[in-house]
S.K.: 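Questions regarding the structure given below will be posed in turn.
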Protein chains: 2
Amino acid sequence: MKPLEPTEVFKALSNEARLQILEWLKDPQAHFGPQGGVELIEVGVCVSQITAKLNMTQSTTSQYLSVLQRAGLIHATRIGKWTYYKRDEEAIQAIASYIQKDL
Amino acid sequence: MKPLEPTEVFKALSNEARLQILEWLKDPQAHFGPQGGVELIEVGVCVSQITAKLNMTQSTTSQYLSVLQRAGLIHATRIGKWTYYKRDEEAIQAIASYIQKDL
DNA sequence: TTGACATATCGGGAATTATCGATATAATAA
DNA sequence: TTATTATATCGATAATTCCCGATATGTCAA
């Protein structure tokens, strides 16, 4: 994984909708319905489910997920037609730690 | 103190120069020359000193300090003609904690 | 292959941010 | 009072971000 750029991470976090997505992904079972047989916890949540909850278009959702991914906060796994997004807990803790110790 | 709005805090942090200022203010003695008799550690650093280090105008510096202040990350103390800015360590830890536990 | 669906990307208009110079305000000094 | 210095605010332009609809791409099913 590439080193987190604090500025880029903060830019990614400085939007209500993206923050929302990250919070939902923290506990997928609590926020998303079951999706086929794939384990929600293992691979994450697919774009359609996130789009459904977020009150925005598929296009916007996809772009927001890209922003979060480029910031290193989530990562994607493609399985068949679906792309599942999941939080990178280490990266999130790393940013907390950066603020706590280095900022 | 008012409750920190995560989004507003992250917006404040999503700029290289403002991040820089916060880092400098972490250890004022290491980054700023002594200023008159006022204790750097006690009240903070005045706008002119920050402007001098930042490669930007006084206007921009002042506005960035406002942004950081509105986000709750620093606070100002006016003494005579000078306004001294100092980090709010609690607020900074609070944001680290928000990311670590709630985000 | 063709069709259908999931996701990504492109192009754009509106809103916000970055940054400046000019000017206003506040406090002290003369 | 007036002049000087420190900081804040105003007005503006360029750059960036927000968010959309349209379209492209990738994958499976028939």
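In what follows, every heavy atom counts, from backbone to side chain, and hydrogens, waters and symmetry copies are set aside. Convention: sequence-line order gives letters A, B, ...; per-chain numbering from 1.
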S.K.: Rounded to the Å, how far apart are A:Leu19 CG and D:dC18 C1'?
M.R.: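 Those two atoms, CG and C1', are 16 Å apart.
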S.K.: Would you mind reading off the distance between A:Lys81 atom NZ and C:dA8 atom C1', rounded to a whole angstrom?
M.R.: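 Value for this atom pair: 16 Å.
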S.K.: Could you tell me how far apart A:Glu16 (CD) and D:dC18 (P) are, to the nearest whole angstrom?
M.R.: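 It works out to 12 Å between those atoms.
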S.K.: Taking CD from B:Gln63 and C1' from C:dG21, how many angstroms apart are they, rounded to a whole number?
M.R.: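 Distance, rounded to whole Å: 11 Å.
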S.K.: Please give, in whole Å, the distance from C:dA8 C1' to A:Ile50 CD1?
M.R.: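 Distance check: A:Ile50 CD1 to C:dA8 C1' gives 14 Å.
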S.K.: For A:Ile79 and D:dG26, give me the distance from atom CD1 to atom C1', rounded to whole Å.
M.R.: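 Going from A:Ile79 (CD1) to D:dG26 (C1'), I get 15 Å.
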S.K.: Rounded to the Å, how far apart are B:Lys11 NZ and D:dC18 C1'?
M.R.: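 Those two atoms, NZ and C1', are 9 Å apart.
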S.K.: May I ask you to say what A:Thr83 touches in the nucleic acid, namely base, sugar-phosphate or nothing, with a heavy-atom cut-off under 4.0 Å?
M.R.: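 Here A:Thr83 touches the backbone only, sparing every base.
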S.K.: Strictly below 4.0 Å: does B:Thr60 bring a side-chain N or O up to OP1 or OP2 of C:dC20?
M.R.: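 Yes, such a contact exists.
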S.K.: Tell me if the side-chain of B:Gln58 makes a donor-acceptor pair with the base of D:dA6, cut-off 3.5 Å, by modelled atom types.
M.R.: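 No, no donor-acceptor pair under 3.5 Å.
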S.K.: Between the base of C:dT9 and the side chain of A:Ser59, is one N or O donor paired with an acceptor at under 3.5 angstrom?
M.R.: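 Yes, a donor-acceptor pair under 3.5 Å.
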S.K.: Could you check how far CZ of B:Arg70 sits from C1' of C:dT17, rounded to whole Å?
M.R.: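 In whole Å, C:dT17 C1' lies 12 Å from B:Arg70 CZ.
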S.K.: Distance check: side-chain N/O of A:Asn15 vs OP1/OP2 of D:dC19, anything under 4.0 Å?
M.R.: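 Looking at the OP1 and OP2 atoms of D:dC19, one of them is under 4.0 Å from a side-chain N or O of A:Asn15.
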S.K.: Would you call the rings of B:Phe32 and B:Trp24 parallel, tilted or perpendicular, where under 30° means parallel and over 60° means perpendicular?
M.R.: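 Because their plane-to-plane angle is over 60°, the rings of B:Phe32 and B:Trp24 count as perpendicular.
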